[in-house]
Protein chains: 2
Amino acid sequence: MPEKDQNLGQYLKELRIVKNLSLRDVEKATNNSVSNAYLSQLESGKISKPSPHILESLAKVYEVHYEDLMAVAGYMRSSKTKKSGVAFFNQHDLSAEEKKKLLDYLQFLRKQK
Amino acid sequence: MPEKDQNLGQYLKELRIVKNLSLRDVEKATNNSVSNAYLSQLESGKISKPSPHILESLAKVYEVHYEDLMAVAGYMRSSKTKKSGVAFFNQHDLSAEEKKKLLDYLQFLRKQK
DNA sequence: CAAGCCCGCTAAGTTTGTCAAGCAAATAAA
DNA sequence: TTTATTTGCTTGACAAACTTAGCGGGCTTG
């Protein structure tokens with residue numbers, strides 16, 4: 001489950017990277033309802049309270065429960081431990097740094113074609 | 001249950017009137033997290049998409065399920081028919097006008113001491 | 001009547017979410 | 001290497017959310 005104090009931006013970035021999507025991929029996948037520029041700001045934490053319908057669009061693309069994103073955004077208390085798409089990155093007691101390194105490495109691996 | 005197409009403002013106003021609270025009463029009850037001026041704008045429909053934590057504060061004061069308000073605001077599909085505090089005003093096939101007249105009359109009655 | 005309080009409401013200002021355009025670096029293609 | 005495409009990101013402008021101050025009306029109390 002998403003950790004309580006994990007910030008929304010990091011979580012969104014994890015989801016996107018694991019799914020191997022670019023900012024613009026997501027923009028298209030959401031039918032332009034979330035611009036790549038805005039998603040960038042979300043991931044970098046410059047925006048902390050997006051409107052729920054934005055989260056809904058993202059949840060659909062990332063195949064995550066809408067309520068999960070709402071919870072991470074601080075809009076709801078996290079509901080009953082639903083295992084979402086990136087469960088691996090959240091279930092194994094990874095520190096924030098470890099997680100980040102793994103994600104970086106994942107990108108590296110994929111770039112090797 | 002709140003009707004699908006019922007707008008948020010009207011619903012909030014109903015709740016407040018039935019509970020016999022003034023705008024300022026609600027402001028105080030929410031610990032100043034919802035100003036009376038802002039609530040007025042909400043009820044008049046000048047603001048249609050308040051941030052969820054606003055709805056959370058109001059739900060607490062009005063003793064309504066948070067999810068209900070979220071649903072009425074269009075942030076969630078209405079969950080399983082929870083009967084909220086003003087069930088009377090929503091269950092008896094009242095038209096919008098009828099409802100409004102009843103609420104006005106309710107205020108009139110109460111004003112009679 | 002006058003002084004005071006509470007009511008709903010609004011006008012004006014600040015903040016913040018959101019988008020369109022575009023830039024610099026990385027990658028791919030020629 | 002040069003050109004073109006993609007990627008993440010920043011900037012500037014706009015709209016919508018949200019705040020603060022205050023008005024005018026209706027009650028109450030002296």
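Just so you know, these numbers come straight off a predicted model, no measurement behind them. Below, chain A is the first sequence line, B the second, and so on; all start at residue 1.
Atom CD1 in A:I17 sits about 13 Å away from atom P in D:dT7, given to the nearest Å. Straight-line distance from the CD atom of A:E43 to the P atom of C:dG17: 16 Å, rounded to whole Å. Spacing between atom CG of A:L8 and atom C1' of C:dT16 amounts to 15 Å, rounded to whole angstrom units. Atom pair B:D25:CG and C:dC5:P shows a separation of 17 Å (rounding to whole Å applied). As rounded to whole Å, 17 Å separates atom P of D:dA15 from atom NZ of B:K49. When the P atom of D:dC9 is taken as reference, atom CG of A:L12 falls 13 Å away, rounded to whole Å. Distance, B:L23 CG to D:dT19 C1': 15 Å, rounded to whole Å. Atom-to-atom, CG of B:L42 to C1' of C:dT10 comes out at 15 Å; the value is rounded to the nearest Å.
Counting all heavy atoms, side chain and backbone alike, A:E67 lies closest to B:M76 at OE2-CE, 4.0 Å.
Between the side chain of B:S40 and the main chain of B:N36, no donor-acceptor pair closer than 3.5 Å is present. No donor-acceptor distance shorter than 3.5 angstrom exists from the side chain of B:S51 to the backbone of B:I54, with no hydrogens or angles considered.
The side chain of B:S48 places an N or O atom within less than 4.0 Å of a non-bridging phosphate oxygen (OP1 or OP2) of D:dA17. When the side-chain nitrogen and oxygen atoms of B:S22 are compared with OP1 and OP2 of C:dC7, one or more of them lie within a distance under 4.0 Å.
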For nucleotides 19-24 of chain C, 5' to 3', base contacts (B), sugar-phosphate-only contacts (S) and non-contacts (-) with protein non-hydrogen atoms under 4.0 Å give BBBB--
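Between B:R77 and A:E56, at least one side-chain N (NZ, or NE/NH1/NH2) sits under 4.0 Å from a carboxylate O, which counts as a salt bridge.
Between A:L55 and B:Y75 the shortest side-chain heavy-atom distance does not fall below 4.5 Å. The shortest side-chain heavy-atom distance between A:M70 and A:H65 does not fall under the 4.5 Å cut-off.
With DNA chain D read from its 5' end, the first of the two nearest nucleotides for A:K46 and B:I47 is the one closest to A:K46.
Each of C:dC9, D:dA17, D:dC9 was ranked by its minimum atom distance to the side chain of B:K13; first place goes to C:dC9.
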